[in-house]
Structures are given as structure tokens and as C-alpha cells.
Amino acid sequence: EETGDDEGYEYSKGDFMEHACRYCGVQNPACVVRCNVPSCRKWFCNSRGNTSGSHIVNHLVRAKHKEVCLHKDSPLGETILECYNCGCRNVFILGFISAKTESVVVLLCREPCLNLNSLKDMNWDLSQWCPLIDDRCFLQWLVKVPSETEQLRARQISAQQINKVEELWKTNPDATLEDLEKPGVDDEPQPVAIKYEDAYQYQNVFAPLIKLEADYDKMMKESQSKDNLTIRWDIGLNKKRVAYFVFPKEDNELRLVPGDELRLRYSGDPAHPAWQSVGHVIKLTAQEEVALELRASQGVPVDLNHGFSVDFVWKSTSFDRMQGAMKNFAVDETSVSGYIYHHLLGHEVEMQMVRNALPRRFGAPGLPELNASQVFAVKSVLQRPISLIQGPPGTGKTVTSAALVYHMAKQGQGQVLVCAPSNVAVDQLAEKISATGLKVVRLCAKSREAVSSPVEHLTLHYQVRHLDTSEKSELHKLQQLKDEQGELSSSDEKKYKALKRATEREISQSADVICCTCVGAGDPRLANFRFRQVLIDESTQSTEPECLIPLVLGAKQVVLVGDHCQLGPVIMCKKAARAGLAQSLFERLVLLGVKPIRLQVQYRMHPSLSEFPSNNFYEGTLQNGVTINERQSTGIDFPWPVPNRPMFFYVQMGQEEISASGTSYLNRTEAANVEKIVTTFLRSGVVPSQIGVITPYEGQRAYIVNYMSRNGALRQQLYKDIEVASVDSFQGREKDYIILSCVRSNEHQGIGFLNDPRRLNVALTRARYGIVILGNPKVLSKQPLWNGLLTHYKEHECLVEGPLNNLKQSMVQFQKPKKMYN
Amino acid sequence: NDEIHVRQKVMLVDPEEEAEFDREFRALMQESLESRKLELRARPTLNMMIPMNVFEGSTRDHHGRVSEGESGDEAIDYESGGRKEVRVKVLVKRGSKQQTKHMLIPSDSSLVQSTKQQEAAELEE
Ligand SMILES: [Zn+2]
Ligand SMILES: [Zn+2]
Ligand SMILES: [Zn+2]
């Protein structure tokens, strides 16, 4: 027989009290706290069960959540734990202090409040700061540990189960432990294939993968709430309110991009009502300051600067458009031509030629002359319904694409659609195509209209506003009224929208070429447009369904430009990536036997720098379009070990460390030497904008930025102006001088990110004049490709060690490479 | 017999799990500290005065101890289930308003040790 109050323990029936521990079911109000992260709000108890931390601490650590709220029936009542002085709610740095003479205690944060000098003079005893979380448990007198009986009645949950359910919550916050046992949760999705029976089978494979990625993306973004932000207010040129604030980015989080939607909140105080407004990010400064243009114009608490919170507003638009494109591909026979349809699905189709008259010359007005491989590419592509152009680094794929688009537009098949996954690439291409004299419209997402663009004059929204005809006068008047008043009467608003839509349509229809991102091709403003000819640049960086969006608008001739020897699309959800979502359409077509036309002359790198990438990634076919003389850095006095070879591998033996987030790495020795190299470059006459520091790890990136700004030998601003970025984010870009910090240096573990040959290719091909690589040869040489690189540097006497002003050839022994890389 | 006796399973924490958890825990702690150092450009102003009403109605008795006038309860040393506990006031803020809550904490907590020592010292004077 059991004693007394049993009702409270009937969690086995499945209906929990709301405040029951989500791990074990304990629901004594004195023993539980609620996670205060808005997207979470789950309750956990303070018992350890058979894990090394208490359930609440386990959850906070696994989910990387940091705020909690006490139960209303606890001794302190419903209270969010926060620093008494500054309001910081991060429980990992909170602790109690007591008054020196009274029995009064408060919570205080360890940084900075506990270290405030002025506090020392007050009546508080700072020597006995008592952390809120002690021995991986909340202070037991604040949150009671369930009694032994309570614990015995509770569900016994293992650390593995905790990890699994936390993983599950990332995509399904309402999942229960029972869901772990349900079939399907742990199942891997059906992997991608090379060939598909039909478009329905295609959709059946890709739709679940896109769903997985969308769910993951949603969870990631919605968990990015930040509190206690300080706001600086401003007014934009369009008279809209702009809020500036620092959005501290943590290691494993996504970076904000212009156009992202955020919700700014103020929870209210006796003098101010609670307030919130949604806005779009219009700018990000190098110091990670965000400019948010607010939708609200009235009631903004501009007299306040502190205590704001911000949440990410997730939009499903891009994923919806991918799903929509796959559906169209399946159900609408006119979405693509028969030939394209069968070819994309991998069916055997007889080779078809496009019957078009070829132009006499293949260059285009306003563009540089084309070289032989570029001419060959243009000529071949114009005759084929589907083609792949591979553009290795610096081989002029934008110019080639622009020339191609010029000739396609001149064939009289209607408007040409030009896309790329990223806005930056679309802008570059739009600019080049416009230089040929074609009429270009750059269609931007509505959320990005306030984001500044180098091709603003080509954007549709700009052209609508600046259309110089008499018909627009009505629209113009209404626009002015709207700008001044912020809104229109409902009848005027209706009229304004209709006029705007008609004008947009008119301008778009008169263009030769429409440029937008792949996702942008699904914009409702293009719904009634048909494009027979489509070119997609950077196509190896987009997923298949993303690529499909511009294709299903009637494509008969498709050109995919990219380089499958560089990095592919970023897939956040590991399950979807494992199933093959990271493989681009370009790559699958290569597997199906379509031979890419390769551009072969590179105009970026000093010939010494292109040698290794050419031999190892492009079968030695990369030719140099620049001479050694053209890449001689005149007037720069830098200690290259071999004067006419501006490259060296700087041997580093410092240990790697796990970064603060626990998900990334850093290497202090390498960071310190990066600073020395940067300083030497600057002293020798190189300016900051010529230097790029790249590293595969976000942890190291952040550490280098911080280290240089604190320890740089020269003026601080010089270091702030130097771009420090991840290898991945540097794809598609170049700098005169590149410093690559490899980071990984350990006895037994692998080299992680560096293992991907495509990442090494990208890292090695960013520099125009010179490259310095910092790394540990003992560790890196285990991998065959790195072993090859090290041998290459050693053979050219460019493997060195010692101080920068006295570099000596290194005699370090390489390890035997483990296995051949595929 | 009303009581039930269930033998407690011997708790076995997987050392590998423990090490991994500990690593993540420390990483989160370190990251929290470092991000605070970075994000706070201006140090916050001090706002830590103990509001007068906390002492209202409480008087110092001749031993230098604080006692509450209303209930007459002594501020320290409750006996609860064999464990000595101390009653403390916890100050919290609701928006900009201060509130006082009462709580019992173990008297051997380092948090109240110094108060007691101080009081002891005062007593000796
Ligand atoms: Zn949580
Ligand atoms: Zn629990
Ligand atoms: Zn504080």
C-alpha cells in the first residue's frame, strides 16, 4: 500500500500536469522550474536521476537555453531569475550575495555586476558569491530536490534518452518521450537517387527532405531570441524608424542576413506600455550591429534605449516555393519541355540540338574579349537544350554567363530568366548583363527593397518609383501621399496597389532579361510569365528543389553554371544532408553523364598559387591568364622565403582548443601568429582591404577578430578593417593576400572540416598575390590531399618555421597518409 | 504496514556521458561569461541600495540581531527536520518595483556564514 497524496503522481496515464518535469514526470511545485526561452517553456525538475546533472541543468545545457522561471507555488512565487542590478537572466552566471549585516540576499551576475568597483563600498558581502548552479544542480534550497519516494516513482530516463528527446524537440517542440519509441522517428528518410521513374517519385523523395530542412531551420531561427538589448534609434531616408542594436551571434547559430524579419519587443514598465513591432534587417555592420527598419511608425518608444528583446520571425516562403515547384514539375505538362523533363529525371533521351543561327562573334558589347575556352562554352551552350558550365576559381564565369545571356536574348525566344542562389551573385550578373546594353530588371524580394544594392537602378521597385512617363502621375501622387502619411485610405490603397501592379508588370514585360534569386523566381509577380531560356549561376551551391523553381516556368533551354569542385549548398539538418539533399542538380547531371564544359584560363592567382589546385582539383587543365610579372607585388617588402613564390606553409605546433560554444575549435598560437603576419603585411605597405584572414572554424574566426583588436601592434582600426571570415563564406570572393589558419592540432582526433577537398580548394584559390597557411603538418599530413599539399610546399622550399624575420626551412616529419581520398 | 520499502537502484553515471556533459556545461558557462564581456560596452550603473522598507518594522535588539517587529520572529535559526535553517529576505525586482520575499536557507550555507560571523563579532564587542 502506498501512502497519502497519490493523485499528483498519475503521470503514467499520459496527461501530465503542465509543470511536470518533461524528462521524469516529477511535479512537486517546489522541485520544478520552467525554461524561460519563449519557444521552449518546458518544466524540469532539480533531480539528477541517473545522469550527471539535474534534469533542469541537463535541459539548459543540451538545448543551450539559459533562462528559467520559478513555479508560482514556490517560496519566491512566479519569478524569473535575474540579476538584481542589471537584469541579466543567464542562470549560468547568476549567484546569490548577502548583505554584510542583514539577512538579506539578492541575485547578482558574475559579469559585470560582481566586479563593479562601486559595489565594494556598499553593504554587500561580495566574497561569498554563491552560484545558482552548483555541482550541476540548482541550489537545493531554492529549487528542492524531489524526495527519494518521488524520485522512485518518477520515470527513469537515461542520458541517451535525454539526448534523443532534446534532438527531437529541435524539430518538434511538443514531442514526448513516448514519441521516441514510435516508429519513424529514428528512421532515415529515403535517400536521393540518380534517376527517377517520374516527377511524382521525384517529389516523393525530395518533399520530405525539404520538410526536414524547413523544420530544422524554423527551430534554429525561432530559438534565437535575445533579451536586454540596447537600442539606438534613427530615421531612414524613407522616414521609417530604424533601430540599431548589437545582435551577439553565438557559435552554432545562423548569421542574420539583410531581409530577415525580426520582432522587436519591450515588455513594459510603469511609465511605458508593452510594445512590439516587426521589421526587416536592412544592414549589418562589421561590428555585428544590426539595422532594423520597423513596420510600425506610431507608438515606437523612442525615449527608451534599454531592456528590449528581439525574436526571429521565421518565414516558410522559400521552402513553400520549392515544394510548389516540385508539384508544378509533376502536374503541369508545360512546366518544362518534354526533353528537359526526361533529361532531369535521368531517362534515356536522344540528343537534341537547338536549331538556332549562331552569331558571327561570341563576345558581347560592353564585356571583355572572350578567351578560347569561353568562346567554346558560349558556342556549345547555344546549340544545346541543357548544358553545364564549370567555372574554376577566377576563370571569368560571370563574363561568360553574361555573354551567353546576351546571345540567348538576341535569339528572339522571349525573355531570358537569370538566377543564382545568392543575392550577391544575382547583382553581379545583373550588372554585367546590363553592360551589354540589354534591358535588365532585377527583381528583389519585398523584404529586401530597403536593402542597398549595387544595381539599385536595375531593381523593379526603383524603376517603378522612377518611371518617367505621364501615365504614372496618378501612381506617383498616391506614392507621395503614402510616403508622407504612412498609409492611405482604403479606396486609395486599392487604387495604389492596382496601379503599382500594372506598372510592375509593364516594366517587367518590356525587359529582355529578368534577374532574381532562385527562390525569387517563385515570386507571385512572375506567376504569369513564361521563360523558355533559363541560366542559373552558382548552381552547385543550391539544392535541387531550389534550382527547380526557375526551371518550371516553361524552360526549353537550361544552362547551369557552377563548380562542383568547390563547396555545395549548406544543409543545416543532418538527416536531410545524409539523405543527399546537399547534392546539387549540376552534380547529379554530371553523374548522369552530362559532361561539363570547363573554363580553363584563370585570371586571379599568381601562377605559383594556381599550380597545386590545378593539378589536384582540375586534372592539371587550369591555365594561367596572368603572368608572374602581373602578380608581382611591387613595393611590398614581405619576407617570402622564396622571393618569386609568394606562398609559404608556416609550421605551427600550438594545441587546438574547443571553443566556448563547445561546437567549434580555436588555436591561440595560430591566432597570435596571424596577428604577426597581418602586422608585417601592414608595415610592408599592404592596406587592410587587400588582406583576408580565413579559417574553417567559427570559433577561431571570432577569436582572431578579438585577439587582433586587443593585441594588434598597430592602430586598432587597421585590424578592424581586415576581413576575417570562414572559408565557406569566402567562396566566390578574392583578396590580394590570404592568410589561412587551419586550427586543428591534436594527437588522435581527425581534422574535421579540413577533410573536405572542396573546402581546401576554396581556401587555396582566394588569393591573387600571395598566401600564408598556418597549420600543424604532423596532424594534417595524415590526410592524403593535405600530405600532397605539404609535400608540394616542402619541395618548393616553402615549408618554414621560426620567427617571421628569420624563417627557416622546417624539417618536420610528415605522417603516412591513411587512405587515398576519393 | 503503510510504509513501502523499495530498494534504490545503485546510481550509475556513465563516465563518458559525464565527461561529455561536463565539457558542454563548462563551454556554455565560459561562453556566457565571454559574451557578457563583449556585449556590455558600458558598465551598468549601480542600483543596489537596500530599500528602507526592508528594515521597516524591524529593530535591532540589544544583541545587534535584527528581529521583525510584527511577528517578533527571530531572523535566524529555525529547526526543521533536524537541519538548522535561517530565514532570509530575498530582494527581487518586478519591473522597476522592489519586492521582498522570505525564504529558509540552510544555516551552514556559505551565504549566511559571513552574516553570522559578523554578528558574532559584533556580539563580542
Ligand atoms: Zn528550454
Ligand atoms: Zn525530472
Ligand atoms: Zn548584473
Side-chain angles (χ1 to χ4, degrees), chain A residues 1-3 50-53 57-58 61-62 64 66 75-77 79 82 84-88 90 92-93 96-106 109-113 116 118-119 122-125 127-128 130 136 141 148 152 159 246 248 250-251 268-270 658-662 706, chain B residues 1-4 6 8-9 11-14 17-18 21-25 27-40 43-44 46-50 54-55 66 75-76 86-93 95-97 101-106 109-115 118-119:
Chain A
E1 270 293 330
E2 288 142 16
T3 46
N50 39 20
T51 54
S52 45
V57 174
N58 247 295
V61 169
R62 297 297 182 195
K64 298 209 167 32
K66 294 168 194 163
L76 293 186
T79 306
E82 58 183 28
Y84 185 72
N85 191 49
C86 75
C88 165
N90 184 333
F92 291 93
I93 57 171
F96 281 101
I97 56 165
S98 67
K100 279 181 188 152
T101 52
E102 319 294 340
S103 299
V104 175
V105 303
V106 292
C109 74
R110 209 171 125 193
E111 184 65 45
C113 295
L116 289 175
S118 40
L119 196 58
M122 294 182 67
N123 194 27
W124 298 102
D125 180 13
S127 63
Q128 295 294 343
C130 174
R136 290 166 267 166
W141 46 265
E148 220 168 87
L152 281 169
V246 177
E250 280 151 38
D251 208 9
D269 62 57
I658 293 160
S659 77
S661 70
N706 209 333
Chain B
N1 194 346
D2 275 1
E3 242 170 274
I4 48 149
V6 184
Q8 178 94 36
K9 263 193 298 182
M11 280 216 295
L12 274 181
V13 177
D14 175 9
E17 183 268 326
E18 182 161 19
F21 182 77
D22 204 45
R23 190 173 64 92
E24 276 195 48
F25 180 86
L28 202 57
M29 180 86 86
Q30 193 188 331
E31 183 243 80
S32 296
L33 278 175
E34 268 165 28
S35 76
R36 291 288 287 173
K37 282 179 194 155
L38 289 177
E39 98 194 35
L40 290 162
R43 309 229 110 188
L46 209 54
N47 191 12
M48 293 281 291
M49 293 304 281
I50 301 176
V54 170
F55 308 117
V66 179
I76 53 168
V86 187
R87 182 167 163 155
V88 295
K89 300 191 189 77
V90 185
L91 290 187
V92 292
K93 276 185 193 149
S96 55
K97 261 188 24 210
K101 309 268 176 146
H102 294 270
M103 253 187 74
L104 293 173
I105 68 176
S109 160
S110 65
L111 194 59
V112 289
Q113 283 303 305
S114 62
T115 315
Q118 191 95 20
E119 280 166 1

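Per chain, numbering begins at 1; letters A, B, ... match sequence-line order.
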Can you tell me if CZ on A/R110 sees more than 12 non-hydrogen neighbours from other groups inside 6.0 Å?
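It does not: A/R110 CZ has 12 such atoms or fewer within range.
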[atom1]-[atom2] distance between [X] and [Y], expressed to the nearest 0.5 angstrom:
| X | Y | atom1 | atom2 | value |
| --- | --- | --- | --- | --- |
| B/E18 | A/R136 | CD | CZ | 4.5 Å |
| A/L76 | B/H102 | CG | NE2 | 11.0 Å |
| B/S32 | A/I93 | OG | CD1 | 6.0 Å |

Least distance between heavy atoms, B/R87 atom then A/S103 atom
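Taking B/R87 first and A/S103 second, the nearest heavy atoms are O-CB, 3.8 Å.
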Show the nearest heavy-atom pair for residues A/V61 and B/L28, with the distance to one decimal.
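Closest approach of A/V61 to B/L28: CA-CD2, 3.8 Å.
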May I ask you to decide if A/Y84's main-chain N or O and B/K93's side chain share a donor-acceptor pair within less than 3.5 Å?
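A pair under 3.5 Å: yes.
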Counting C-beta onward and ignoring hydrogens, is there a side-chain heavy-atom pair between A/T51 and B/F21 closer than 4.5 Å?
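Sidechains of B/F21 and A/T51: no contact.
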Could you tell me if the side chain of A/W141 sits less than 4.5 Å from the side chain of B/V86, heavy atoms only?
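No, every pair of side-chain atoms sits at 4.5 Å or beyond.
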Between A/P75, A/C109, A/G268, A/C88, which has the largest tally of heavy atom pairs under 4.5 Å with chain B?
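The candidate making the most pairs under 4.5 Å is A/C88.
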